[in-house]
Amino acid sequence: EPEVTQTPSHQVTQMGQEVILRCVPISNHLYFYWYRQILGQKVEFLVSFYNNEISEKSEIFDDQFSVERPDGSNFTLKIRSTKLEDSAMYFCASSLTDEQYFGPGTRLTVT
Amino acid sequence: DQQVKQNSPSLSVQEGRISILNCDYTNSMFDYFLWYKKYPAEGPTFLISISSIKDKNEDGRFTVFLNKSAKHLSLHIVPSQPGDSAVYFCAASAGGNKLVFGAGTILRVKS
């Protein structure tokens with residue numbers, strides 16, 4: 001069964017460093033998303049991406065964040081200058097219709 | 001953001017009995033509702049969904065009921081199995097884009 005994959009599973013970085021989280025969505029899906037879950041909090045939407053552009057973004061998704069689909073298979077989330085409060089699980093998701101399928105997540109730890 | 005609420009943090013059920021997980025929402029623009037199951041250190045796994053034009057959707061042991069007038073939905077699992085023990089998230093979308101998640105309910109199925 002096709003699935004969303006994410007790398008790395010765990011990323012540790014120092015405050016102020018740039019990180020890139022990578023995702024390979026399900027191959028025939030057209031819509032791509034990033035969500036995050038801070039420990040003990042809800043899963044929260046960051047950004048959605050369709051037809052090579054951002055279709056919606058949340059207030060969290062400020063100028064420090066960017067997304068890219070550099071080729072036909074990868075979907076990346078870049079955080080330009082990480083802060084302590086960016087520590088969270090980051091989930092990539094993709095969809096063809098209304099059901100979104102999630103990857104296993106990347107645990108980002110900012111020290 | 002309290003648009004989707006799961007008021008029961010946890011639920012304990014005997015194997016073979018019915019599990020009922022509840023979810024309330026406040027945004028009348030939501031038109032699609034989903035249930036996800038999540039194990040520790042994994043991403044949310046899609047279980048079942050329902051459109052606002054329906055009041056019931058069934059898939060094997062899982063049934064979702066939607067009461068639009070009460071802005072309430074529930075997930076029934078019959079019969080419950082020990083492997084169903086996980087965190088269950090209710091999520092909603094308006095116009096098929098970002099998902100808004102509830103806080104989750106921990107289900108424990110005792111054998």
Side-chain angles (χ1 to χ4, degrees), chain A residues 1-10 21 23-26 29-51 53-61 67 88-109, chain B residues 1-10 21 23-27 29-54 57 59 62 64 66 73 75 86-106:
Chain A
E1 186 174 320
E3 58 183 22
V4 177
T5 59
Q6 290 184 244
T7 53
S9 57
H10 191 188
L21 309 183
C23 169
V24 179
I26 294 172
H29 284 187
L30 301 176
Y31 302 86
F32 313 109
Y33 311 85
W34 283 100
Y35 292 81
R36 77 174 185 189
Q37 186 178 29
I38 294 170
L39 190 64
Q41 298 187 22
K42 292 183 179 183
V43 176
E44 50 189 354
F45 168 80
L46 292 177
V47 65
S48 58
F49 193 84
Y50 170 73
N51 201 25
E53 59 183 29
I54 290 173
S55 48
E56 187 173 356
K57 59 183 180 179
S58 72
E59 292 173 354
I60 304 164
F61 195 88
V67 288
M89 281 291 292
Y90 287 80
F91 296 107
C92 173
S94 68
S95 70
L96 188 57
T97 57
D98 291 299
E99 287 95 25
Q100 296 182 22
Y101 293 85
F102 285 75
T106 293
R107 177 169 296 286
L108 177 64
T109 303
Chain B
D1 183 352
Q2 293 292 312
Q3 294 185 75
V4 177
K5 288 185 262 193
Q6 294 176 257
N7 291 318
S8 299
S10 65
L21 298 115
C23 178
D24 297 294
Y25 62 96
T26 56
N27 188 344
M29 299 300 291
F30 287 147
D31 58 5
Y32 206 79
F33 304 90
L34 307 91
W35 283 95
Y36 287 86
K37 172 181 177 180
K38 187 179 180 303
Y39 295 115
E42 294 185 13
T45 300
F46 170 72
L47 273 178
I48 192 168
S49 60
I50 188 166
S51 162
S52 60
I53 63 172
K54 295 186 174 183
N57 189 25
D59 183 1
F62 301 94
V64 56
L66 176 62
L73 64 154
L75 174 68
V87 181
Y88 288 78
F89 290 98
C90 168
S93 71
N97 206 358
K98 71 177 186 184
L99 294 180
V100 179
F101 281 82
T105 297
I106 300 170

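Bear in mind the structure is a predicted one, so any value in this text is a computation, not a measurement. In what follows, every chain begins at residue 1, and chains take the letters A, B, ... in the order their sequences are listed.
The aromatic rings of B/Phe33 and B/Phe30 sit perpendicular to each other, their planes meeting at more than 60°, with 30° as the lower class boundary. Using cut-offs of 30° and 60° for the angle between ring planes, the A/Phe49 and A/Phe32 rings count as tilted.
Side-chain atoms of A/Trp34 and A/Leu21, non-hydrogen and from C-beta on, do get closer than 4.5 Å to each other.
For B/Tyr39, no part sits under 4.5 Å from any heavy atom of chain A, backbone or side chain. Looking at B/Leu99, the atoms closer than 4.5 Å to chain A (heavy atoms on both sides) sit in the backbone and in the side chain alike. Proximity to chain A (any heavy atom under 4.5 Å) is shown, for B/Ala91, by neither the backbone nor the side chain.
Comparing A/Ser58, A/Ser48, A/Gly105 by how many heavy-atom pairs each has under 4.5 Å with chain B, the most go to A/Ser48.
A donor and an acceptor atom, one from each side chain of B/Ser49 and B/Tyr32, are located under 3.5 Å apart.
For a heavy-atom cut-off of 4.5 Å, chain B lies close to A/Asp98, A/Glu99, A/Gln100, A/Tyr101, A/Phe102, A/Gly103, A/Pro104 in residues 94-104 of chain A.
For A/Glu56, the side chain to side chain donor-acceptor pair (under 3.5 Å) partners are B/Asn97, not counting sequence neighbours. Under the rule for a side chain to side chain donor-acceptor pair (under 3.5 Å), B/Ser8 has no partner lying at least two apart in sequence or in another chain. A/Glu44 meets the side chain to side chain donor-acceptor pair (under 3.5 Å) test with A/Arg36; sequence neighbours excluded.
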